[in-house]
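What you see is a predicted model, and the numbers here were worked out from it, not measured in a lab. Atoms within each ligand, like the ligands themselves, are counted from 1 in listed order.
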Amino acid sequence: MEWYVESGVDILLEDSPIDRFSEVPPPPRQKVIQVSGHSPAERLAKKAENNPRPAPLIKPQAIMPDGAAVKMAEEIAAKTNTLKELKQAMSSFNGCNLKRTAKSLVFADGNPDAKVMLIGEAPGRDEDIQGLPFVGRAGQLLDRQLAAIGLDRDSAYITNVIPWRPPGNRTPTLQETEICRPFIERHIELVNPDMILMLGGSSAKTLMKTSDGIMKLRGKWVEVQTARTQIKALPTLHPAYLLRQPSHKKLVWQDLLSLKQSLNS
Ligand code: URA
(Lines give C-alpha, C1' and ligand atoms only; values in the text may rest on other atoms or scores of the structure.)
Protein backbone atom coordinates (compact mmCIF):
# COMPACT_ATOMS: atom_id res chain seq x y z
CA MET A 1 0.00 0.00 0.00
CA GLU A 2 2.79 2.42 0.93
CA TRP A 3 4.48 1.71 -2.39
CA TYR A 4 1.24 2.55 -4.22
CA VAL A 5 0.73 5.75 -2.22
CA GLU A 6 4.35 6.82 -2.84
CA SER A 7 3.77 6.21 -6.56
CA GLY A 8 0.74 8.49 -6.49
CA VAL A 9 -1.86 5.69 -6.71
CA ASP A 10 -4.05 6.68 -3.81
CA ILE A 11 -7.64 6.57 -4.98
CA LEU A 12 -9.95 3.62 -5.55
CA LEU A 13 -11.95 3.45 -8.74
CA GLU A 14 -13.83 0.21 -7.96
CA ASP A 15 -15.10 -1.49 -4.81
CA SER A 16 -13.31 -4.75 -5.57
CA PRO A 17 -10.05 -5.56 -7.41
CA ILE A 18 -10.13 -6.84 -11.00
CA ASP A 19 -7.74 -9.70 -11.86
CA ARG A 20 -6.74 -8.71 -15.39
CA PHE A 21 -4.59 -11.89 -15.75
CA SER A 22 -7.62 -14.12 -15.41
CA GLU A 23 -9.46 -12.36 -18.22
CA VAL A 24 -9.69 -14.66 -21.27
CA PRO A 25 -9.24 -12.86 -24.61
CA PRO A 26 -12.43 -12.99 -26.67
CA PRO A 27 -12.50 -15.60 -29.48
CA PRO A 28 -12.07 -14.30 -33.05
CA ARG A 29 -15.27 -12.71 -34.30
CA GLN A 30 -17.52 -15.05 -36.22
CA LYS A 31 -20.60 -14.40 -38.16
CA VAL A 32 -23.46 -14.89 -35.76
CA ILE A 33 -26.21 -17.10 -36.98
CA GLN A 34 -29.15 -16.48 -34.74
CA VAL A 35 -30.68 -19.84 -33.86
CA SER A 36 -32.39 -19.03 -30.58
CA GLY A 37 -34.74 -16.18 -29.93
CA HIS A 38 -31.99 -14.16 -28.17
CA SER A 39 -29.66 -11.77 -30.02
CA PRO A 40 -26.06 -11.22 -28.71
CA ALA A 41 -27.14 -7.82 -27.36
CA GLU A 42 -30.01 -9.45 -25.47
CA ARG A 43 -27.67 -12.11 -24.06
CA LEU A 44 -25.21 -9.39 -22.91
CA ALA A 45 -28.02 -7.43 -21.27
CA LYS A 46 -29.16 -10.62 -19.51
CA LYS A 47 -25.61 -11.35 -18.32
CA ALA A 48 -25.22 -7.81 -16.97
CA GLU A 49 -28.56 -8.15 -15.22
CA ASN A 50 -27.38 -11.34 -13.47
CA ASN A 51 -23.92 -9.97 -12.57
CA PRO A 52 -24.36 -6.29 -11.78
CA ARG A 53 -20.99 -4.54 -11.35
CA PRO A 54 -20.57 -2.53 -8.16
CA ALA A 55 -21.09 1.18 -8.65
CA PRO A 56 -17.77 3.08 -8.81
CA LEU A 57 -16.83 5.10 -5.72
CA ILE A 58 -16.15 8.26 -7.69
CA LYS A 59 -18.70 11.02 -8.01
CA PRO A 60 -20.47 11.69 -11.33
CA GLN A 61 -18.35 13.29 -14.01
CA ALA A 62 -18.54 17.03 -14.68
CA ILE A 63 -20.28 17.16 -18.03
CA MET A 64 -19.84 20.86 -18.75
CA PRO A 65 -17.41 21.75 -21.54
CA ASP A 66 -14.48 23.80 -20.18
CA GLY A 67 -15.61 27.14 -21.66
CA ALA A 68 -19.06 26.74 -20.09
CA ALA A 69 -17.47 25.73 -16.76
CA VAL A 70 -15.30 28.87 -16.73
CA LYS A 71 -18.34 31.04 -17.51
CA MET A 72 -20.39 29.42 -14.79
CA ALA A 73 -17.52 29.80 -12.28
CA GLU A 74 -17.25 33.48 -13.23
CA GLU A 75 -20.97 34.02 -12.78
CA ILE A 76 -21.30 32.33 -9.43
CA ALA A 77 -18.06 33.80 -8.03
CA ALA A 78 -19.11 37.34 -9.02
CA LYS A 79 -22.39 36.96 -7.12
CA THR A 80 -20.69 36.24 -3.78
CA ASN A 81 -20.21 39.02 -1.25
CA THR A 82 -18.65 37.21 1.71
CA LEU A 83 -16.10 34.43 2.18
CA LYS A 84 -18.86 32.22 3.52
CA GLU A 85 -20.87 32.72 0.34
CA LEU A 86 -17.80 32.07 -1.80
CA LYS A 87 -17.07 28.82 0.04
CA GLN A 88 -20.69 27.77 -0.39
CA ALA A 89 -20.63 28.65 -4.11
CA MET A 90 -17.43 26.65 -4.61
CA SER A 91 -18.75 23.60 -2.80
CA SER A 92 -21.89 23.53 -4.95
CA PHE A 93 -19.92 24.00 -8.21
CA ASN A 94 -19.61 20.83 -10.30
CA GLY A 95 -17.73 22.15 -13.31
CA CYS A 96 -14.24 21.00 -12.27
CA ASN A 97 -13.39 17.32 -12.58
CA LEU A 98 -10.86 17.54 -9.72
CA LYS A 99 -13.82 17.64 -7.36
CA ARG A 100 -14.71 14.07 -8.36
CA THR A 101 -11.60 12.52 -6.87
CA ALA A 102 -10.94 14.94 -4.00
CA LYS A 103 -12.24 14.24 -0.52
CA SER A 104 -12.49 17.88 0.56
CA LEU A 105 -12.87 21.40 -0.67
CA VAL A 106 -9.74 23.01 0.77
CA PHE A 107 -10.87 26.61 1.12
CA ALA A 108 -8.46 28.49 3.40
CA ASP A 109 -6.85 28.76 6.81
CA GLY A 110 -5.67 31.64 8.95
CA ASN A 111 -6.97 35.12 9.56
CA PRO A 112 -8.96 36.78 6.74
CA ASP A 113 -8.21 40.18 8.33
CA ALA A 114 -4.45 39.61 8.09
CA LYS A 115 -2.35 42.02 6.03
CA VAL A 116 -0.83 39.21 3.98
CA MET A 117 -2.49 36.47 1.93
CA LEU A 118 -0.39 33.44 0.93
CA ILE A 119 -1.45 31.56 -2.20
CA GLY A 120 -0.11 28.11 -3.10
CA GLU A 121 -0.86 25.76 -5.98
CA ALA A 122 -3.28 23.04 -4.88
CA PRO A 123 -3.89 20.81 -1.86
CA GLY A 124 -1.87 17.63 -1.44
CA ARG A 125 -2.81 14.40 0.31
CA ASP A 126 -2.66 15.70 3.89
CA GLU A 127 -4.56 18.86 2.99
CA ASP A 128 -7.25 16.80 1.24
CA ILE A 129 -7.65 14.63 4.33
CA GLN A 130 -7.76 17.54 6.80
CA GLY A 131 -9.56 20.03 4.54
CA LEU A 132 -6.97 22.73 5.32
CA PRO A 133 -4.17 24.19 3.19
CA PHE A 134 -0.50 23.59 3.91
CA VAL A 135 -0.75 21.10 6.75
CA GLY A 136 1.64 18.44 5.35
CA ARG A 137 5.46 18.53 5.31
CA ALA A 138 5.58 21.57 3.03
CA GLY A 139 3.08 23.31 5.30
CA GLN A 140 5.20 22.63 8.37
CA LEU A 141 8.17 24.22 6.62
CA LEU A 142 5.95 27.15 5.66
CA ASP A 143 4.92 27.60 9.31
CA ARG A 144 8.61 27.73 10.31
CA GLN A 145 9.33 30.27 7.55
CA LEU A 146 6.44 32.44 8.73
CA ALA A 147 7.61 32.16 12.34
CA ALA A 148 11.07 33.37 11.26
CA ILE A 149 9.53 36.73 10.28
CA GLY A 150 7.13 36.88 13.23
CA LEU A 151 4.02 35.56 11.43
CA ASP A 152 1.68 32.66 12.08
CA ARG A 153 -1.80 31.53 11.04
CA ASP A 154 -3.34 34.31 13.15
CA SER A 155 -1.44 36.98 11.28
CA ALA A 156 -1.56 35.46 7.79
CA TYR A 157 -4.30 34.06 5.56
CA ILE A 158 -3.49 30.96 3.47
CA THR A 159 -5.18 29.44 0.44
CA ASN A 160 -4.46 27.87 -2.96
CA VAL A 161 -5.23 28.64 -6.60
CA ILE A 162 -6.97 25.25 -6.89
CA PRO A 163 -9.21 24.12 -4.00
CA TRP A 164 -9.40 20.41 -4.89
CA ARG A 165 -6.50 17.98 -4.74
CA PRO A 166 -5.34 16.79 -8.20
CA PRO A 167 -5.14 12.96 -8.15
CA GLY A 168 -1.68 11.73 -7.18
CA ASN A 169 -0.62 15.37 -6.64
CA ARG A 170 -0.15 15.90 -10.36
CA THR A 171 0.20 19.47 -11.63
CA PRO A 172 -3.23 20.96 -12.37
CA THR A 173 -3.92 21.32 -16.10
CA LEU A 174 -4.36 24.72 -17.73
CA GLN A 175 -8.09 23.98 -18.12
CA GLU A 176 -8.49 23.13 -14.43
CA THR A 177 -6.60 26.28 -13.50
CA GLU A 178 -8.75 28.48 -15.74
CA ILE A 179 -11.93 26.91 -14.36
CA CYS A 180 -10.79 27.74 -10.81
CA ARG A 181 -9.38 31.19 -11.62
CA PRO A 182 -12.67 33.10 -10.99
CA PHE A 183 -12.80 31.62 -7.47
CA ILE A 184 -9.26 32.58 -6.45
CA GLU A 185 -9.68 36.05 -7.97
CA ARG A 186 -12.91 36.61 -6.05
CA HIS A 187 -11.22 35.18 -2.95
CA ILE A 188 -8.50 37.85 -3.28
CA GLU A 189 -11.11 40.59 -3.75
CA LEU A 190 -13.12 39.53 -0.70
CA VAL A 191 -10.07 39.21 1.59
CA ASN A 192 -8.57 42.38 0.10
CA PRO A 193 -5.16 41.93 1.76
CA ASP A 194 -2.45 44.59 1.73
CA MET A 195 -0.15 42.15 -0.03
CA ILE A 196 0.06 38.63 -1.47
CA LEU A 197 2.88 36.09 -1.24
CA MET A 198 2.65 33.71 -4.23
CA LEU A 199 4.10 30.33 -3.31
CA GLY A 200 5.70 28.62 -6.29
CA GLY A 201 5.64 28.87 -10.06
CA SER A 202 2.14 27.59 -10.57
CA SER A 203 0.60 30.23 -8.29
CA ALA A 204 2.77 33.05 -9.64
CA LYS A 205 2.20 32.16 -13.29
CA THR A 206 -1.56 31.90 -12.83
CA LEU A 207 -1.98 35.12 -10.86
CA MET A 208 0.51 37.10 -12.95
CA LYS A 209 -0.78 35.57 -16.22
CA THR A 210 2.76 34.88 -17.41
CA SER A 211 4.68 31.86 -18.64
CA ASP A 212 7.98 33.03 -17.12
CA GLY A 213 9.63 30.60 -14.70
CA ILE A 214 9.63 31.13 -10.94
CA MET A 215 13.43 31.53 -10.82
CA LYS A 216 13.05 34.61 -13.03
CA LEU A 217 9.95 35.92 -11.23
CA ARG A 218 10.85 35.40 -7.57
CA GLY A 219 11.89 38.24 -5.34
CA LYS A 220 10.42 41.03 -7.51
CA TRP A 221 7.27 42.82 -6.35
CA VAL A 222 4.46 43.02 -8.91
CA GLU A 223 0.77 43.97 -8.99
CA VAL A 224 -1.81 41.17 -9.17
CA GLN A 225 -4.84 42.39 -11.08
CA THR A 226 -8.36 41.00 -10.74
CA ALA A 227 -11.59 42.38 -12.26
CA ARG A 228 -12.16 44.70 -9.30
CA THR A 229 -8.84 45.21 -7.53
CA GLN A 230 -5.07 45.36 -7.78
CA ILE A 231 -2.83 44.08 -4.95
CA LYS A 232 0.95 44.18 -4.57
CA ALA A 233 2.38 40.69 -4.64
CA LEU A 234 5.69 38.89 -4.27
CA PRO A 235 6.47 35.57 -5.98
CA THR A 236 8.71 33.15 -4.10
CA LEU A 237 9.72 29.48 -4.24
CA HIS A 238 7.30 26.83 -3.04
CA PRO A 239 8.13 25.19 0.32
CA ALA A 240 7.71 21.71 -1.25
CA TYR A 241 10.47 22.65 -3.72
CA LEU A 242 12.68 23.73 -0.81
CA LEU A 243 12.25 20.29 0.76
CA ARG A 244 13.89 18.89 -2.39
CA GLN A 245 16.36 21.76 -2.91
CA PRO A 246 17.25 23.04 0.58
CA SER A 247 20.15 25.08 -0.81
CA HIS A 248 17.57 27.47 -2.28
CA LYS A 249 16.26 28.37 1.18
CA LYS A 250 18.58 31.38 1.16
CA LEU A 251 16.68 32.83 -1.81
CA VAL A 252 13.38 32.47 0.03
CA TRP A 253 14.93 34.05 3.12
CA GLN A 254 15.65 37.16 1.03
CA ASP A 255 12.02 37.17 -0.16
CA LEU A 256 10.72 36.76 3.39
CA LEU A 257 12.82 39.68 4.58
CA SER A 258 11.42 41.78 1.75
CA LEU A 259 7.87 40.75 2.79
CA LYS A 260 8.61 41.63 6.42
CA GLN A 261 9.96 45.03 5.43
CA SER A 262 6.82 45.77 3.36
CA LEU A 263 4.55 44.64 6.18
CA ASN A 264 6.30 46.96 8.62
CA SER A 265 6.46 50.01 6.36
N1 URA B 1 1.14 22.58 -1.70
C2 URA B 1 0.33 23.61 -2.04
O3 URA B 1 0.57 24.32 -3.01
N4 URA B 1 -0.74 23.82 -1.26
C5 URA B 1 -1.03 23.11 -0.19
O6 URA B 1 -2.04 23.39 0.45
C7 URA B 1 -0.17 22.05 0.14
C8 URA B 1 0.91 21.80 -0.62
So for ligand 1, is G120 a polar contact partner (N or O within less than 3.5 Å, distance only)? no
Using the side chain to side chain donor-acceptor pair (under 3.5 Å) rule, take W221 and S258 through it: C-alpha gap first, then chi angles, then the decisive distance, then the call. CA-CA 9 Å; W221 285 94; S258 174; 2.8 Å; yes
If you take the nearest heavy atom of each of R137, H238, E121, which one is closest to atom 1 (N) of ligand 1? H238
Is there a heavy atom of A122 sitting under 4.0 angstrom from any atom of ligand 1? yes
Aromatic rings F107 and H187: how do their planes relate, parallel, tilted or perpendicular, breaks at 30° and 60°? parallel
Under 4.0 Å from a heavy atom of P133: which atoms of ligand 1 are those, numbered in the order shown and with their elements? 6 (O)
Is a salt bridge present between D194 and K232, judged by a nitrogen-to-oxygen distance below 4.0 Å? no
By the definition salt bridge (charged side-chain N to carboxylate O under 4.0 Å, His left out), identify the one residue from R170, K99, R165, R181 that meets it with E176. R170
Salt bridge flag under 4.0 Å for residues E75 and K79: no
How close does the nearest protein non-hydrogen atom get to atom 4 (N) of ligand 1, and which residue and atom is it? N160 OD1, 2.8 Å
